[in-house]
Every structure is written in structure tokens, then in C-alpha cells.
Chemist: 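This structure is in C-alpha cells; I'll ask about it shortly.
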Amino acid sequence: MTNQRDPNGVVDVAFVGRANIDLTVQVPRRASPGRTSFASSLTASPGGKSLNQAIAAARRGGRSCLIANVGDDSWGHQVAAALTGAGVDTRHVTLLPQTTTGAAIIEVTPDGESYITLALSPATELTTDDIRRATDGLDAQAVVVQLDLPPQPVTALLNRRPAPIIIGNLVPHRELDNALLRHLDVLVVNQHEAAAVLHTTTDDPLTAAAELRQLGPSTVVVTAGANGAAYIDPHGAGSVPAPAVSVVDTTGAGDAFLGSLALDLARGIPLPDAITTAVHVGAQAVRHAGAQAS
């Protein structure tokens with residue numbers, strides 16, 4: 001694909017990970033064992049964390065590109081069209097023939113909380129060769145990588161360090177060498193993901209951020225939903241509160257936050273200021289239904 005916003009291939013942020021279709025229903029409550037819960041009509045829309053983040057950055061006026069594979073099926077073409085429409089550089093989005101695009105099954109309850117089950121399409125998972133091809137000559141200020149991808153391509157990317165700023169997101173794959181986290185300039189996780197990485201629970205995102213930094217990343221940001229976000233870096237630590245908003249759907253809030261944060265860091269915005277903006281972007285995202293609407 002060749003939707004190239006800059007003919008020289010220069011981007012602010014490259015997002016490395018997955019793109020899929022979100023199959024979403026609104027439910028009055030989640031079904032209990034042995035029972036059926038009736039839902040709204042099903043919607044099918046482009047999604048996936050890296051896709052959402054790339055679109056979020058583009059909507060803030062950034063030059064973003066996505067590095068991901070999808071199937072050469074109707075869903076894959078729907079994903080590609082959404083990226084092109086949002087102005088995301090798609091030269092590294094590959095439509096694989098005779099392959100099914102992955103899907104996320106999402107239930108949204110009346111309080112706006114989303115419950116997501118990802119149906120992976122193994123054939124679309126990025127490989128080490130994909131990473132090498134995409135990062136050869138990549139001209140980006142920042143790269144955001146999903147750490148739950150298969151360990152081989154993540155290892156290849158972290159060792160290559162194809163941009164001045166490397167940002168990791170999500171709980172690392174269980175087979176990823178944790179020593180590689182020292183290659184991260186920034187690790188961004190939510191409170192639940194932080195607890196999974198640390199094998200503990202804490203109600204204080206700032207404490208979680210400090211403990212995660214001991215694993216090697218230079219900077220750690222922990223998001224806490226309605227409570228905003230906390231961060232720690234070589235210059236200090238702090239918390240940023242979130243504005244009070246009416247919650248419709250939380251599905252895309254974390255991705256809107258990260259897309260905004262990565263763009264501002266790529267532009268040289270100081271971390272506290274970038275987080276403040278990202279918290280407000282994430283808060284606005286929960287006011288809309290669906291990741292792309294937000």
C-alpha cells in the first residue's frame with residue numbers, strides 16, 4: 001500500500017502492532033453462566049491498539065504510519081480504507097492473501113466499561129522479516145511497539161532501535177526477555193497491566209510506575225482511567241488528574257492517550273505537558289461510542 005503523506009517517508013511516529021475489526025455490542029449486563037443477554041445491533045469497525053493509536057496521532061495533526069499485517073479480505077480492506085481516510089501512512093500495512101483478518105469481540109456495559117476478547121489471526125502476526133523490511137530506512141522520531149507481540153519481532157525492533165524514542169505498550173509477551181525493557185525510553189501501561197507485569201496489586205499508579213522503572217525503562221507512565229495518570233522519569237515523578245466527563249465507552253481511551261502522548265514526545269514536548277494533553281484527549285475519547293468515533 002502506498003498512501004504516503006510525505007513523499008520522503010518522514011513521519012513523527014511509527015506504530016508497530018496489530019490491526020483488526022472490532023465487533024461491538026452494547027449490553028444491559030454481561031450474560032451470567034447458562035443465561036443469554038440480549039444486546040444492541042452488532043457494529044463492525046476497524047480497530048486494534050496500534051491502528052487506534054496511529055489514527056489518534058493523525059487526528060491531532062501528526063504524521064503517523066502503521067506497521068501491521070491484515071488479511072486480504074473484506075475486513076482487511078475496511079481497515080486499509082479507514083487508515084487512508086484518516087491520513088495514516090500505510091506503506092507498511094500488508095494485506096496477506098488467503099488470510100483472515102483478526103477480530104476483537106467487545107461488550108460495552110451501561111457504565112461505559114468495555115470487555116474485550118481478541119480473536120487473533122496467527123498468520124497476520126508480524127515477523128522479524130517484517131520488522132527488518134519496515135524499519136530499513138525508517139525516518140521517524142518515535143516508534144511505539146506492542147510488547148505482547150511474538151517475542152522475535154519485538155526483540156529485533158528493540159535491538160535495532162530505529163528511532164530516537166522507543167515506546168513500549170502493554171504487558172510483555174511471556175517469552176520476551178525482560179532484560180530488553182532497558183531499551184525502552186518509555187513504557188506505558190494501565191493499572192491492570194502494571195499489576196500483571198509486577199505480579200502484585202496496588203491502588204497507587206505512582207508506586208506502580210516506580211516499581212516498573214526498576215525493570216529497566218528510562219520512563220514509565222501508568223494510566224488510571226478516571227484518576228488520570230502517573231509518571232516517573234530521570235527528572236522526577238508526578239500525577240496528572242483527569243477531568244470529570246460522562247462515560248459512554250472506554251474502548252478507545254487508552255489508545256487515544258498513547259497516540260497523543262507519542263506524538264507530543266516526538267515533537268519534543270516535555271513529558272509532564274505531553275501527559276496532561278494526553279489525559280484530556282483520553283477523557284474526551286470516553287464520551288463517544290467505539291474506538292474510531294473517539
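Along the sequence shown, residues are numbered consecutively beginning with 1. What you are looking at is a predicted structure, and each value in this text was computed from that prediction instead of being measured.
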Chemist: Where is the tightest heavy-atom contact between A123 and T99, given as atom of each residue plus distance?
Modeler: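 Closest pair (atom of A123, atom of T99, distance): CB-CG2, 3.7 Å.
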
Chemist: So T109 and R30, do their side chains get closer than 4.5 Å, heavy atoms only?
Modeler: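 The answer is yes; the side chains approach within 4.5 Å.
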
Chemist: Donor-acceptor pair, distance only, cut-off 3.5 Å: does the side chain of T202 make one with the backbone of A208?
Modeler: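 Between the backbone of A208 and the side chain of T202 there is no qualifying donor-acceptor contact (under 3.5 Å).
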
Chemist: Does any N or O in the side chain of R182 come within less than 3.5 Å of the main-chain N or O of A179, such that one atom is a donor and the other an acceptor?
Modeler: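 Checked: pair present.
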
Chemist: Would you kindly say whether D22 and T24 are connected by a side-chain donor-acceptor distance under 3.5 Å?
Modeler: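 There is no such pair between these side chains.
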
Chemist: Under a 3.5 Å distance rule, please check whether Q284 uses its side chain to pair with a backbone N or O of V281 as donor and acceptor.
Modeler: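 Side chain of Q284 to backbone of V281, a donor-acceptor pair under 3.5 Å: no, none is there.
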
Chemist: Strictly distance-based, threshold 3.5 Å: is any side-chain N or O of Q53 a donor or acceptor partner for the main-chain N or O of V144?
Modeler: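 No, Q53 side chain to V144 backbone: no donor-acceptor pair under 3.5 Å.
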
Chemist: Which pairs, with at least one residue in residues 144-163 and sequence neighbours excluded, count as a side-chain hydrogen bond (donor to acceptor under 3.5 Å, both in side chains)?
Modeler: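 Checked against side-chain hydrogen bond (donor to acceptor under 3.5 Å, both in side chains) - neighbours excluded - the pairs reaching residues 144-163 are R18-D148, S50-Q146, T135-R160, D136-R160, Q146-D148, R161-D185.
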
Chemist: Indicate if L198 and L180 have the same hydrophobic cluster label, given that clusters are the connected sets of ILVMFWY residues with side-chain heavy-atom separations under 4.5 angstrom.
Modeler: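 As far as the 4.5 Å side-chain criterion goes, L180 and L198 are connected within one cluster.
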
Chemist: Hydrophobic clusters here meaning ILVMFWY residues chained together by side-chain heavy-atom distances under 4.5 Å, can you tell me if F257 and L187 are in one?
Modeler: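 Unlinked, F257 and L187 end up in two clusters.
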
Chemist: Would you say the side-chain atoms of D255 pair up with the backbone N or O of A56, donor to acceptor, closer than 3.5 Å?
Modeler: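 Not confirmed, D255 side chain does not pair with A56 backbone.
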
Chemist: Which one of I232, L206, L181, D233 satisfies the side-chain contact (heavy atoms from CB on, under 4.5 Å) criterion with V220?
Modeler: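 The residue from I232, L206, L181, D233 that satisfies side-chain contact (heavy atoms from CB on, under 4.5 Å) with V220 turns out to be I232.
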
Chemist: After noting the C-alpha distance and the side-chain angles of I167 and L258, does the key distance pass the side chain to side chain contact (heavy atoms under 4.5 Å, CB included) rule?
Modeler: CA-CA 10 Å; I167 302 171; L258 186 47; 4.2 Å; yes

Chemist: Are V79 and L126 co-members of a hydrophobic cluster defined by side-chain heavy atoms under 4.5 Å apart?
Modeler: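 They do not share one cluster, since no chain of ILVMFWY contacts under 4.5 Å joins L126 to V79.
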
Chemist: If you compare all heavy atoms of L147 against all heavy atoms of L176, which two are closest, and at what distance to 0.1 Å?
Modeler: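 Nearest pair, atom of L147 first, then L176: O-CD2, 4.3 Å.
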
Chemist: Count the heavy atoms of every other residue, nucleotide or ligand shown that sit under 6.0 Å from NE2 of H77, and state whether that count exceeds 12.
Modeler: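 Count over threshold, so yes.
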
Chemist: Within the distance-only criterion (no hydrogens, no angle test), does the side chain of R213 pair as donor or acceptor with the backbone N or O of S218 below 3.5 angstrom?
Modeler: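 Between the backbone of S218 and the side chain of R213 there is a qualifying donor-acceptor contact (under 3.5 Å).
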
Chemist: Using every non-hydrogen atom in the two residues, find where L158 and V145 come nearest and quote the distance to one decimal.
Modeler: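 In this case the closest contact between L158 and V145 is CD2-CG1, 4.5 Å.
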
Chemist: Measure across P272 and Y231 and return the closest heavy-atom pair with its distance rounded to 0.1 Å.
Modeler: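 So the minimum-distance heavy-atom pair works out to CG-OH, 3.5 Å.
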
Chemist: According to a hydrophobic-cluster definition based on side-chain heavy atoms being under 4.5 Å apart (Ile, Leu, Val, Met, Phe, Trp, Tyr only), do L261 and V240 belong together?
Modeler: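 L261 and V240: one cluster.
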
Chemist: Where is the tightest heavy-atom contact between N69 and T124, given as atom of each residue plus distance?
Modeler: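 Scanning both residues completely, I find the closest heavy atoms to be CB-O, 3.1 Å.
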
Chemist: Using every non-hydrogen atom in the two residues, find where A58 and A86 come nearest and quote the distance to one decimal.
Modeler: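 That would be CB-O, 3.5 Å.
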
Chemist: Would you find a donor on one side and an acceptor on the other, under 3.5 Å apart, between the side chain of N169 and the backbone of V188?
Modeler: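 Flag set: sc N169 to bb V188 pair under 3.5 Å.
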
Chemist: Check for me, please, whether V13 and I55 land in the same ILVMFWY cluster - side-chain distances under 4.5 Å, paths through other members count.
Modeler: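 Yes; I55 is reachable from V13 via cluster members.
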
Chemist: Testing the 3.5 Å rule here: is there a donor-acceptor pair between the side chains of T276 and D273?
Modeler: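 Looking only at side-chain atoms, D273 and T276 do not form any donor-acceptor pair under 3.5 Å.
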
